[in-house]
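Nothing here was measured: the structure is a model prediction, and the numbers come from that model.
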Amino acid sequence: MTATSARRVLGAELADGITRGNMWALLSFSTAGTAVISFLPSTQPHILTTILGVPESAQGRVVGLLGFAAELAMILSLAWYGALSDRFGRRLVVIAGLILCAAGVALFPFAGNPAVLVALRVVFGLGVAALNAMMSTIAIDYVRARSRGKSYGLIGVFGGLGALVAVLVLVRLPRTLEAQGLAPVAATRVSFLLIAAGVLVMAGVLWLTLSPARTGGTEAHVPLPRLVKEGLVLVRDPGVALSYAASFVARADLAIVVGFMSLWITDHARAGGMSGADALAKAGAVVGVSQTVALLCAPVFGWLGDRVRRQDLVIGCQLLAACAYLSTLLVRDPLGADMMVVAVLIGVGEIAGITTAGPLLAQQVPAAVRGTAFGVHTLCGAAGIMILSALGGVLYDTWRPAGPFVAAGVAGLLVAAFGLVVRRRVKASEQADLGREAMPEEGPVRG
């Protein structure tokens with residue numbers, strides 16, 4: 001019993017060969033990775049206004065185009081990241097992703113036109129693809145099967161901390177530096193360079209602290225195209241298909257919250273006379289409320305993931321998230337109390353979707369192709385961001401600012417409907433879920 005207790009971090013039982021230092025490195029990676037992933041989309045409205053002078057009437061389409069381009073790059077790379085990690089180890093892909101993100105952040109405020117901005121967003125997107133794929137995969141690798149829900153809950157908590165750091169600290173750097181006497185453009189550029197330097201420092205720390213093992217166990221002689229194909233073939237399993245579909249919506253939800261909620265609030269704030277830096281800080285405060293709620297709710301959904309049939313939890317969470325996103329239709333004042341209430345609801349729905357799809361996938365696939373499966377899983381999320389960002393940008397400019405959120409809500413309802421159709425055919429893989437406490441496939445769910 002003592003040995004078992006020594007093998008836990010915050011209640012999650014560690015897998016063989018994984019140290020407590022490795023697990024804390026993963027949680028630090030979740031915080032830093034989510035912070036940088038959340039930071040750049042949050043600041044896009046500020047860059048468009050302060051650096052490029054794009055008129056507000058066109059910013060929704062530009063934000064949508066930036067999201068579309070980045071996610072297209074992710075789609076073309078995600079499954080390969082998973083396959084590469086199965087062959088060479090997770091750590092190498094993590095470091096490569098952080099370096100690409102740092103390059104994108106450092107150069108973003110130096111873009112001379114929207115076309116260059118799109119190219120840099122693609123570079124950043126390639127880095128985000130690596131981080132997202134590895135965060136999901138390592139969260140499963142590092143713990144025993146019975147603790148996968150807890151692991152995802154912890155990733156949600158520490159990722160929520162990262163999102164808070166992004167929207168409450170990092171996005172305020174330009175305003176802080178302006179207060180020190182720098183011009184708006186100079187303050188923005190210095191802020192981005194400082195953040196990029198911090199990302200590189202974190203990459204060095206994670207190189208020393210993440211496990212160097214090829215945890216997935218794939219033999220080195222297996223060709224990469226075969227690994228990628230294996231990840232796609234897994235979709236024949238209804239549980240894998242449901243997890244992939246849930247990822248399509250859940251990852252898009254996060255991008256829409258950070259990107260379009262920030263744009264909605266900054267547009268409204270600037271129309272009321274705020275400066276660009278002050279409007280960005282105001283947006284960060286509202287998005288921060290949403291991410292704080294997400295952080296607080298992450299352990300709840302992680303706990304449920306180890307006690308409720310995972311397909312049922314995914315379906316329920318998709319319905320919850322859909323209702324939260326559709327509630328934006330009721331917002332009248334983006335700076336008022338009604339937006340704060342909606343931000344709370346969205347925080348719950350966002351984390352519900354993100355923390356429940358991964359454990360469902362983990363119970364359906366064998367460890368040998370886990371990295372590949374999670375690469376495809378994140379690829380589906382990238383496709384969701386790409387499609388919903390492009391559609392959301394058009395809806396934002398031509399209909400109303402709530403348009404991107406409505407699109408996400410409708411997508412969530414469709415995924416929930418699909419889940420209700422296939423839920424009785426979902427059977428956990430014995431190889432994937434070895435060691436997890438038995439759960440009834442049908443019958444009453446006990447909490």
Side-chain angles (χ1 to χ4, degrees), residues 37 41 64 67-79 81-82 125 128-129 131-133 135-137 152 156 159 228 231-260 301 310-311 313-326 346 349-362 364-365 372-393 395 403-423 426:
I37 289 169
F68 181 91
E71 301 313 315
L72 180 60
M74 291 177 69
I75 286 173
L76 296 176
S77 65
L78 270 169
Y81 280 137
V128 171
L131 301 188
N132 279 337
M135 212 176 293
S136 299
T137 307
Y152 259 70
V228 174
L232 295 173
V233 167
L234 290 170
V235 77
R236 296 171 183 171
D237 181 294
V240 172
L242 177 58
S243 178
Y244 284 175
S247 178
F248 178 95
V249 177
R251 295 291 179 183
D253 286 354
L254 177 60
I256 285 172
V257 170
V258 174
F260 285 103
F301 292 107
R310 286 167 178 163
Q311 63 268 33
L313 186 59
V314 167
I315 294 166
C317 288
Q318 288 297 317
L319 288 171
L320 175 63
C323 293
Y325 283 90
L326 292 173
I346 285 178
E350 173 197 326
I351 203 65
I354 290 173
T355 57
T356 55
L360 174 61
L361 179 62
Q364 301 300 124
V365 298
T372 300
F374 272 93
V376 176
H377 184 260
T378 311
L379 183 151
C380 292
I385 296 174
M386 182 180 75
I387 293 170
L388 292 177
S389 291
L391 176 61
L395 291 174
F405 301 89
V406 173
V410 171
L413 292 177
L414 293 175
V415 172
F418 171 68
L420 291 172
V421 171
V422 303
R423 63 177 290 272
V426 175

Please tell me if the side chains of L360 and L242 come closer than 4.5 Å, counting only heavy atoms from C-beta onward.
-> yes
To the nearest 0.5 Å, tell me how far Q318 CD sits from F248 CZ.
-> 11.0 Å
Test side chain to side chain contact (heavy atoms under 4.5 Å, CB included) applied to A322 - qualifying residues, sequence neighbours left out | L413
Minimum heavy-atom distance L395-G403, with the two atoms named | CD1-O, 3.5 Å
For the student: nearest non-hydrogen atoms of A411 and L388, plus distance = CB-CD1, 4.4 Å
Between Y325 and F405, which heavy-atom pair has the shortest distance, and what is it?
-> CB-O, 3.3 Å
Note: Q311 and R423 closest approach over all heavy atoms is NE2-O, 3.5 Å
Tightest non-hydrogen contact, residues L320 and A352, listed as CD2-CB, 4.2 Å
Taking every heavy atom of S243 against every heavy atom of L361, the minimum-distance pair comes out as OG-CB, 3.2 Å
